[in-house]
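Whatever order the structure lists them in is the order used to number ligands and atoms, beginning at 1.
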Amino acid sequence: MQTIYTLILAPNPSIMTGPGTNTIVLGGGHDGAIVIDPAVDDAAYLNTLIAEGEKRGGIRRIFITHGHPDHIGGAAALRDRLGAHIPIYACNRKGVPLADVEVADGETFPAGEDTLRAIHTPGHRFDHLSYYLERQRILFAGDMISGITTNVIAPPDGDMFDYMNSLQRLQLVDIAEIVPGHGPTIANAQDKIAEYIAHRQLREQQILQTLEVLPRGTTIPEMVPAIYVDVDPKLHAIAAWSVEAHLLKLEKEGLVERIGEKGWALVEPTA
Ligand SMILES: [Zn+2]
């Protein structure tokens with residue numbers, strides 16, 4: 001019997017991708033195979049994807065979670081290798097210019113005996129889609145959820161306000177297993193999502209507290225070491241994106257304001 005999906009680790013490990021990108025091959029039978037996130041243009045890796053696709057009736061469709069290079073880097077090469085015109089599906093061409101088909105929120109696609117549903121989950125990037133295998137209740141979460149560390153929400157593409165809404169949206173989905181874009185699969189899906197929300201809320205509290213203590217107009221590089229006390233300074237640049245993303249969310253909510261070019265402060269309650 002065939003496994004529901006096959007996870008193939010792309011050969012692109014880095015500080016941002018952890019062990020590399022998880023590429024998924026699934027489906028089979030009448031409609032052929034689906035590949036999610038062909039990550040890199042690497043001959044041996046593409047051969048593996050194609051061979052796995054063959055076992056499932058050949059690759060017919062390529063799905064992209066979002067337009068970051070480590071999720072689309074192999075899409076064009078894979079399509080070229082397959083010869084026949086294999087459509088690339090993504091949220092929109094603004095996010096993934098090489099997409100053939102733009103996928104609407106809630107759109108479904110046959111995947112072997114199951115159905116794959118696209119769920120628009122912006123936040124990590126504006127064009128982020130998660131793919132939910134309905135009968136098996138498996139969520140291919142792209143960079144919404146990470147199996148290794150908390151994922152990066154970096155402005156301007158990333159938006160913490162949207163991200164929190166997307167996490168809350170996933171709380172309404174009955175998920176048995178999360179297959180993230182990076183790192184190991186997650187069995188306690190809703191625990192993990194709740195943990196993510198709690199983690200972000202804690203960071204938000206820390207940011208508000210830091211702004212309370214530091215002088216008005218304090219900058220992000222001044223805030224980061226105060227918030228990420230136990231984090232390797234090498235990661236402070238990444239942390240700065242996250243702080244900025246939180247500040248933009250808090251600004252949208254009317255809790256913080258900009259002071260001059262780069263400064264931030266709490267909005268003072270009006271008397
Ligand atoms: Zn990404």
Looking at the Zn ion (ligand 1), is there an N, O or S atom belonging to [X] that lies under 2.8 Å away from it?
X: His68; answer: yes
X: Asp70; answer: no
X: His66; answer: yes

Exercise. Aromatic ring centroids of His128 and His68 under 6.0 Å?
Worked result: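 They do not qualify: ring centres at least 6.0 Å apart.
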For this session: Step through it carefully: locate the ring centre of Tyr5, locate the ring centre of Phe140, and say whether they are under 6.0 Å apart.
Result: yes
Problem set entry | For the Zn ion (ligand 1), the closest N/O/S atom belonging to Asp143 |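 Asp143's closest N, O or S atom to the Zn ion (ligand 1) is named OD2.
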Problem set entry | Modelled atom types, side-chain donor and acceptor of His71 and Asp143, under 3.5 Å |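 On atom types as modelled, these side chains qualify, holding a pair under 3.5 Å.
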For this session: Please check if the side chain of Asp37 supplies one atom and the backbone of Thr65 the other of a donor-acceptor pair under 3.5 Å.
Result: yes
